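Below: the structure, in structure tokens.
Both counts, for ligands and for their atoms, begin at 1 and track the order of listing. We number each residue from 1, following the sequence as shown. Predicted model only: the values in this text are computed from it and were never measured.
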Amino acid sequence: MTFYPGPSKLYPQVADYLREAYESGILSSNHRSLRFMSLVEETYNLLREKLGIPADYGIYFASSATECWEIVAQSLTERGSAHLFNGAFGQKWAEYAEKLCKPVFRLPFGVDEDVTLREKFQFLALDHYDIVCLTHNETSNGTQLPNLPAFQHFQGLKCFDATSSMGGVDFDWALGDVWFASVQKCLGLPAGLALLVCSPKALAHAERVGDRARYNSLLFIHENAEKFQTHYTPNGLGIYLLNRVLRHVPPIAQVAEKVHQRALDWYRFLEEKTAWRPLVSNPAVRSDTVIAVSGELAEIKAIKTRCQAEGITLGNGYGAWKDTTFRIANFPAIDDDEIAELQKWLV
Ligand SMILES: *Cc1c(COP(=O)(O)O)cnc(C)c1O
């Protein structure tokens with residue numbers, strides 16, 4: 001039983017889908033064959049149907065969220081990027097962007113702060129950049145943006161790393177120009193595949209930037225995707241499994257409501273039934289999909305060892321919170337009875 005926030009528990013149906021994939025022969029088909037192209041096309045349609053991705057937004061496959069950080073920096077950034085972050089993933093994103101020699105503006109904020117309330121003070125600074133980068137759900141500390149900031153005074157692109165919330169939270173896609181996630185978190189799939197979603201405005205910006213120097217240039221990715229192809233031989237097994245899981249999951253509004261209620265239950269349980277405390281005290285910014293729990297160093301060590309002995313894997317603390325927190329994934333693939341079992345041990 002695993003509560004690790006990525007790679008995380010797979011949907012149990014994946015066992016059957018794996019065999020099906022093998023037996024179907026799709027894993028040996030050329031990625032420019034009609035058969036493979038129709039798998040890609042059907043998967044795009046399922047993503048639009050189940051996750052509500054708008055019809056005019058492009059959907060692209062990549063290998064990881066980390067790769068998407070790089071694509072954004074290379075293909076959508078000319079003048080630089082502004083990064084608002086409160087944890088390890090958002091910070092790493094800024095570091096990668098900076099290594100690609102782009103001016104980077106950093107706005108760190110506190111774990112309990114709702115940064116969306118700050119935007120009106122920042123629009124002047126942000127206007128020097130092509131793109132503002134936010135982590136929708138900061139997996140390292142269990143925080144989430146409570147609202148998507150509208151950045152009314154900012155002309156550039158709004159980009160969200162939604163790696164640990166896509167598939168578990170119902171987004172208003174129109175408020176972002178670029179969204180990406182890898183599938184090993186909320187989508188309950190094995191790692192090695194990521195989804196990159198771009199608005200028409202993002203594409204138009206990519207045209208202006210005109211980056212065509214790399215195999216991973218967004219324009220090249222887009223030209224292939226228009227033909228339901230990919231810019232390199234893709235993770236065909238990952239795409240097949242994603243297709244099957246999407247057929248099986250309910251529409252996102254339903255999934256998100258369940259995940260949200262379960263998160264509220266988790267926070268209430270920790271506060272009322274245990275001596276553990278949520279790391280995040282401001283309820284408005286607490287994550288629905290990753291619950292970060294804080295405690296004494298020795299207690300944390302003890303609970304992790306105890307749970308491991310019972311066959312339950314907890315998520316380690318991450319970055320600055322490595323030793324004083326542990327994390328519990330609240331992803332859709334996790335069953336209620338697994339949560340009940342873990343809660344027994346936490347009490
Ligand atoms: C897991 C995670 C990543 C990295 O994902 P990879 O697929 O390993 O590249 C990036 N951002 C966030 C918020 C994450 O949770």
Side-chain angles (χ1 to χ4, degrees), residues 2-10 60-74 81 83-100 106 108-109 111 115 131-146 148 158-169 171 176 178-197 216 234-235 237-239 241-242 245 259 263 279-280 285-292 313-322 325-334:
T2 178
F3 293 89
Y4 213 91
S8 55
K9 185 196 171 191
L10 305 183
Y60 313 106
F61 293 119
S63 313
S64 68
T66 304
E67 191 175 77
C68 294
W69 290 342
E70 199 170 88
I71 295 170
V72 168
Q74 289 171 344
S81 49
H83 297 254
L84 282 55
F85 57 85
N86 73 356
F89 285 104
Q91 186 177 352
K92 243 193 241 178
W93 186 3
E95 280 161 17
Y96 278 106
E98 194 162 53
K99 279 185 201 164
L100 290 165
R106 287 179 166 84
F109 58 96
V111 167
V115 76
I131 183 158
V132 58
C133 301
L134 291 118
T135 307
H136 178 263
N137 192 79
E138 180 49 79
T139 320
S140 68
N141 57 23
T143 55
Q144 177 177 301
L145 297 175
L148 296 187
K158 292 158 234 165
C159 180
F160 296 100
D161 176 346
T163 304
S164 54
S165 49
M166 193 184 290
V169 174
F171 309 131
V178 181
W179 298 84
F180 57 83
S182 35
V183 300
Q184 73 270 20
K185 302 202 175 159
C186 272
L187 289 161
L189 285 161
L193 182 70
L195 298 166
L196 174 64
V197 176
N216 249 344
N235 178 351
L237 176 59
I239 296 172
L241 297 177
L242 172 64
V245 160
V259 166
L279 168 66
V280 184
V285 298
R286 282 178 181 164
S287 166
D288 282 349
T289 54
V290 179
I291 318 291
T313 303
L314 295 173
N316 293 323
Y318 200 99
W321 299 275
K322 194 171 184 324
T325 62
F326 62 91
R327 294 172 302 156
I328 301 167
N330 182 35
F331 296 155
I334 294 168

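For the side chain to side chain contact (heavy atoms under 4.5 Å, CB included) with Thr143, the qualifying choice from Asn137, Val280, Val290 is Val280, the only one to do so. Under the side chain to side chain contact (heavy atoms under 4.5 Å, CB included) rule, Val259 has a single partner from Cys186, Pro332, Ser165, which is Pro332.
The closest approach between any non-hydrogen atom of Lys92 and ligand 1 is not below 4.0 Å. Within the 4.0 Å heavy-atom cutoff, His136 does not count among the residues contacting ligand 1. Residue contacts with ligand 1 leave out Trp93, since none of its heavy atoms falls under 4.0 Å from the ligand.
In terms of protein heavy atoms, atom 9 (O) of ligand 1 is closest to Thr66 OG1, 2.6 Å. Closest to atom 11 (N) of ligand 1 among all protein heavy atoms lies Asp161 OD2, 2.7 Å.
The ligand atoms of ligand 1 that sit less than 4.0 angstrom from a heavy atom of Thr139 are 12 (C), 13 (C), 14 (C), 15 (O). Here is the list of ligand 1 atoms found below 4.0 Å of a heavy atom in Thr135: 13 (C). Of all atoms in ligand 1, numbered sequentially from 1 with element shown, those under 4.0 Å from a heavy atom of Ser182 are 5 (O), 6 (P), 7 (O). In summary, the atoms of ligand 1 found under 4.0 Å from a heavy atom of Trp69, numbered by their order in the structure, are 10 (C), 11 (N). Set against the non-hydrogen atoms of Lys185, the atoms of ligand 1 under 4.0 Å away are 1 (C), 2 (C), 3 (C), 14 (C), 15 (O). The contact set between ligand 1 and Asn137, taken as ligand atoms under 4.0 Å from a residue heavy atom, comprises 13 (C).
Judged by a 6.0 Å distance limit and a 45° cone about the ring axis, Lys158 is not positioned over the six-membered ring of Phe171.
Residue-to-ligand polar distances keep Glu67 apart from ligand 1: every N/O pair is separated by 3.5 Å or more. Considering both main-chain and side-chain atoms, Phe89 never comes within under 3.5 Å of ligand 1 through any nitrogen or oxygen pair.
Using a 30° and 60° split on the angle between ring planes, Trp69 and Trp93 fall in the parallel class, below 30°.
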**Message:** For Phe3 and Phe326: C-alpha separation, side-chain torsions, deciding distance, then whether ring pair (Phe, Tyr, Trp, His ring centres under 6.0 Å) applies.
**Reply:** CA-CA 10 Å; Phe3 293 89; Phe326 62 91; over 10 Å; no

**Request:** Go through the steps for Asn86 and Val115 under the test side-chain contact (heavy atoms from CB on, under 4.5 Å), then give the verdict.
**Result:** CA-CA 9 Å; Asn86 73 356; Val115 76; over 6 Å; no

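Put simply, the side chain of Arg327 never gets that close to the backbone of Ile291: no donor and acceptor are under 3.5 Å apart.
Contact of the Tyr318 side chain with the Asn141 side chain is not registered, since no non-hydrogen atoms from C-beta on lie closer than 4.5 Å.
More than 12 heavy atoms of other residues, nucleotides or ligands sit less than 6.0 Å from atom CZ of Phe109.
Counting heavy atoms under 4.0 Å from ligand 1, residue Gln184 touches it through the side chain alone.
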